[in-house]
Colleague: 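Please see the structure below; I have some questions.
Proteins get letters first, then strands, A, B, ... in listed order; numbering begins at 1 in each.
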Number of protein chains: 2
Amino acid sequence: MTKYDTTCDLGQCSLIGQTCAVFNLRKASRAVTKLYEEILKPSGILPTQFTLLVVTRAFGPVTISSMAEMLVMDRTTLTRNLKPLEREGLLRVVPGKDDKRSREVSPTNKGLEQLEEALPLWQEAQYRVEHALGSVRLDRLLDDLTAVVSAARSA
Amino acid sequence: MTKYDTTCDLGQCSLIGQTCAVFNLRKASRAVTKLYEEILKPSGILPTQFTLLVVTRAFGPVTISSMAEMLVMDRTTLTRNLKPLEREGLLRVVPGKDDKRSREVSPTNKGLEQLEEALPLWQEAQYRVEHALGSVRLDRLLDDLTAVVSAARSA
DNA sequence: CATATTTAAGTGTATATACACTTTTTGTGG
DNA sequence: CCACAAAAAGTGTATATACACTTAAATATG
């Protein structure tokens, strides 16, 4: 007898779709990402890129590591995700003044302009989700998502 | 005056982290995926691969398109995601009998063995999230995730 | 002060994701 | 039957994700 109930067998596979946390989170992530992508399309930036612009606008200049921590994103993932935005001249990444190991990320003027252009589109996407889901339920979901991040990180 | 309130300006960027649906979903997806990956590691399969094995075990043989619809995953994404499992001999993909355009996916014996090995690990991951989040809140989250998928698809 | 350790970041590799486009097969009207 | 539309799937390309490993700089330690 192990620590956990392992009586689950292959016959219960059809139930996993309703109960599996990681599957349902990833599925919802795909569905909602698709909606935001469609709506943000005229701005030319993808949902993740929008997020990076927002963070640098709010907290920049920020180091790669501190930014990764805020986003709950692996540092090396963030390094890669910054690349398209650097290439398009929307973000600037420069060596840190005090600590020469670090690199600091800031939005460029072009990045801020494009962010300003994207903001009403993001707002519309938010409204659509809020309208379709209900604002009470959306607030509850956002709250539970924050909680599950803490849960997963402490578990 | 547009249809939506576009008074949101760059100064509100610091609030977006708490309210943005797509950011919070993707963030939670990253955090929970990481946990499941760690726990599933001894089984040698990743969370997405576990999901694909479960679906084929429960509903196989299934065509690529029908499977993609169940998973709310782009068909071409699924095609690519099947590759590692085919390569490892855990899934079999064969041309459909009636319709020669289609291809049907089934688990192999090796796939079923590996799934059986992964199931108690998946169960443990579920327990850990349930314990850290609370079973009431987890059930509510799963329910809201299902709802937000419908919301995003209909919005 | 010299060395060892720790820390910030980048690279190689692999999976995950999806759009635009193409190929093959099925069905459908005439 | 034939041409055309619809459907199933694959490919090219690009972003997103993260682990293992490496490099370079800062800090601690003797």
Side-chain angles (χ1 to χ4, degrees), chain A residues 22-23 25-38 40-41 44-52 61-69 71-88 90-91 93-105 152, chain B residues 22-23 25-38 40-41 44-52 61-69 71-88 90-91 93-105 152:
Chain A
V22 73
F23 166 59
L25 270 167
R26 293 181 71 88
K27 180 171 62 150
S29 179
R30 286 191 292 269
V32 172
T33 297
K34 191 181 173 85
L35 177 66
Y36 278 71
E37 268 178 7
E38 284 167 12
L40 285 175
K41 195 167 188 79
I45 56 181
L46 298 169
T48 296
Q49 300 176 345
F50 175 79
T51 298
L52 300 190
V62 278
T63 64
I64 308 248
S65 289
S66 66
M67 198 172 163
E69 196 165 342
L71 297 164
V72 190
M73 182 182 284
D74 188 88
R75 180 187 51 78
T76 69
T77 300
L78 177 57
T79 295
R80 298 279 159 71
N81 287 352
L82 292 173
K83 280 287 174 336
L85 294 164
E86 277 185 271
R87 185 182 357 104
E88 297 300 321
L90 307 181
L91 286 183
V93 185
V94 299
K97 292 166 197 68
D98 303 336
D99 189 335
K100 286 174 184 169
R101 291 170 303 180
S102 70
R103 287 160 63 76
E104 295 186 337
V105 189
Chain B
V22 74
F23 166 58
L25 270 167
R26 292 180 72 89
K27 181 171 62 148
S29 180
R30 285 192 292 269
V32 173
T33 298
K34 192 180 172 84
L35 177 66
Y36 277 72
E37 268 177 8
E38 284 168 11
L40 284 175
K41 195 166 189 81
I45 55 181
L46 297 169
T48 296
Q49 300 176 345
F50 175 79
T51 299
L52 300 189
V62 280
T63 64
I64 308 249
S65 289
S66 66
M67 198 170 162
E69 197 165 340
L71 297 163
V72 190
M73 182 183 284
D74 189 86
R75 180 187 52 76
T76 69
T77 300
L78 178 57
T79 296
R80 299 278 159 72
N81 288 351
L82 291 173
K83 280 289 174 332
L85 294 164
E86 278 184 271
R87 182 178 4 100
E88 297 299 320
L90 307 181
L91 288 182
V93 185
V94 299
K97 292 165 197 67
D98 302 338
D99 189 336
K100 287 174 184 170
R101 291 170 302 180
S102 70
R103 289 160 61 77
E104 295 184 337
V105 188

Colleague: Quickly work out the L40(A) CG to dC19(C) P distance and round it to whole Å.
Modeller: 14 Å
Colleague: Using a 4.0 Å cut-off on heavy atoms, which residues in residues 28-37 of chain A reach DNA chain D? List them by number, or say none.
Modeller: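 Under 4.0 Å from DNA chain D: no residue of residues 28-37 of chain A.
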Colleague: Closest to the R26(B) side chain: dT15(C), dT17(D), dT17(C)?
Modeller: dT17(D)
Colleague: Between K97(A) and V72(A), which has a closest nucleotide on DNA chain D that is more 5'?
Modeller: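 So the residue in question is V72(A).
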Colleague: Who are the side-chain contact (heavy atoms from CB on, under 4.5 Å) partners of K34(B), not counting sequence neighbours?
Modeller: E38(B)
Colleague: Starting from P on dA14(C), measure out to CD on E88(B) and report it in whole angstrom.
Modeller: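 Going from E88(B) (CD) to dA14(C) (P), I get 12 Å.
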Colleague: For D99(A) and for L82(A), locate the closest nucleotide of DNA chain D by heavy-atom distance; then report the residue assigned to the nucleotide nearer the 5' terminus.
Modeller: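 Checking each residue's closest nucleotide, the 5'-ward one belongs to L82(A).
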Colleague: Measure CG/D98(A) against C1'/dA8(C) and give the value in whole Å, please.
Modeller: 14 Å
Colleague: Under 4.0 Å, heavy atoms only, any strand: does T77(A) hit a base, just the sugar-phosphate, or nothing?
Modeller: base
Colleague: Quick one: list whatever passes salt bridge (Lys or Arg N to Asp or Glu O under 4.0 Å) with R101(B), sequence neighbours left out.
Modeller: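 Residues passing salt bridge (Lys or Arg N to Asp or Glu O under 4.0 Å) with R101(B): D99(B).
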Colleague: Where is the tightest heavy-atom contact between V32(B) and L25(A), given as atom of each residue plus distance?
Modeller: CG2-CD1, 3.4 Å
Colleague: Atom pairs under 3.5 Å, N or O on each side, protein against nucleotides 9-12 of chain D: can you list them with distances?
Modeller:
| from | atom 1 | to | atom 2 | distance (Å) |
| --- | --- | --- | --- | --- |
| dA9(D) | OP1 | I64(B) | N | 3.4 |
| dA9(D) | OP1 | R103(B) | N | 2.9 |
| dA9(D) | OP1 | R103(B) | O | 3.3 |
| dA9(D) | OP2 | S65(B) | N | 2.9 |
| dA9(D) | OP2 | S65(B) | OG | 2.5 |
| dA9(D) | N7 | R75(B) | NH1 | 3.3 |
| dA9(D) | N7 | R75(B) | NH2 | 3.2 |
| dG10(D) | OP1 | R103(B) | NE | 2.4 |
| dG10(D) | OP2 | T79(B) | OG1 | 3.1 |
| dG10(D) | N7 | R75(B) | NH1 | 2.9 |
| dG10(D) | O6 | R75(B) | NH2 | 3.0 |
| dG12(D) | N7 | R80(B) | NH2 | 3.0 |
| dG12(D) | O6 | R80(B) | NH1 | 3.3 |

Colleague: Kindly give the heavy-atom pair with the smallest separation between L71(B) and R30(A), and that separation in Å.
Modeller: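 Closest approach of L71(B) to R30(A): O-NH2, 2.7 Å.
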Colleague: Would you name the heavy atoms of L40(A) and I45(A) that are closest together and state the gap between them?
Modeller: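 Looks like CB-O, 3.5 Å.
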Colleague: Could you tell me the separation between the CD atom of E38(A) and the P atom of dC19(C), rounded to a whole number of Å?
Modeller: 7 Å
Colleague: Locate the shortest heavy-atom distance separating G44(B) from Q49(B); write the atom from each residue and the value.
Modeller: O-OE1, 4.4 Å
Colleague: For residues A152(A) and A31(B), report the shortest heavy-atom separation together with the two atoms involved.
Modeller: CB-O, 3.7 Å
Colleague: Show every donor-acceptor pair shorter than 3.5 Å between a side-chain atom in residues 78-87 of chain A and any protein atom, with sequence neighbours excluded, or say none if there are none.
Modeller:
| from | atom 1 | to | atom 2 | distance (Å) |
| --- | --- | --- | --- | --- |
| T79(A) | OG1 | R75(A) | O | 3.2 |

Colleague: Which whole-number value in Å describes the distance from K27(A) NZ to dA16(C) P?
Modeller: 18 Å
Colleague: Just jot down the side chain to side chain donor-acceptor pair (under 3.5 Å) partners of T33(B), sequence neighbours excluded, or say none.
Modeller: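 For T33(B), the residues satisfying side chain to side chain donor-acceptor pair (under 3.5 Å) (neighbours in sequence not counted) are R26(A).
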Colleague: Please tell me if N81(B) has a side-chain N or O lying less than 4.0 Å from either OP1 or OP2 of dT17(C).
Modeller: yes
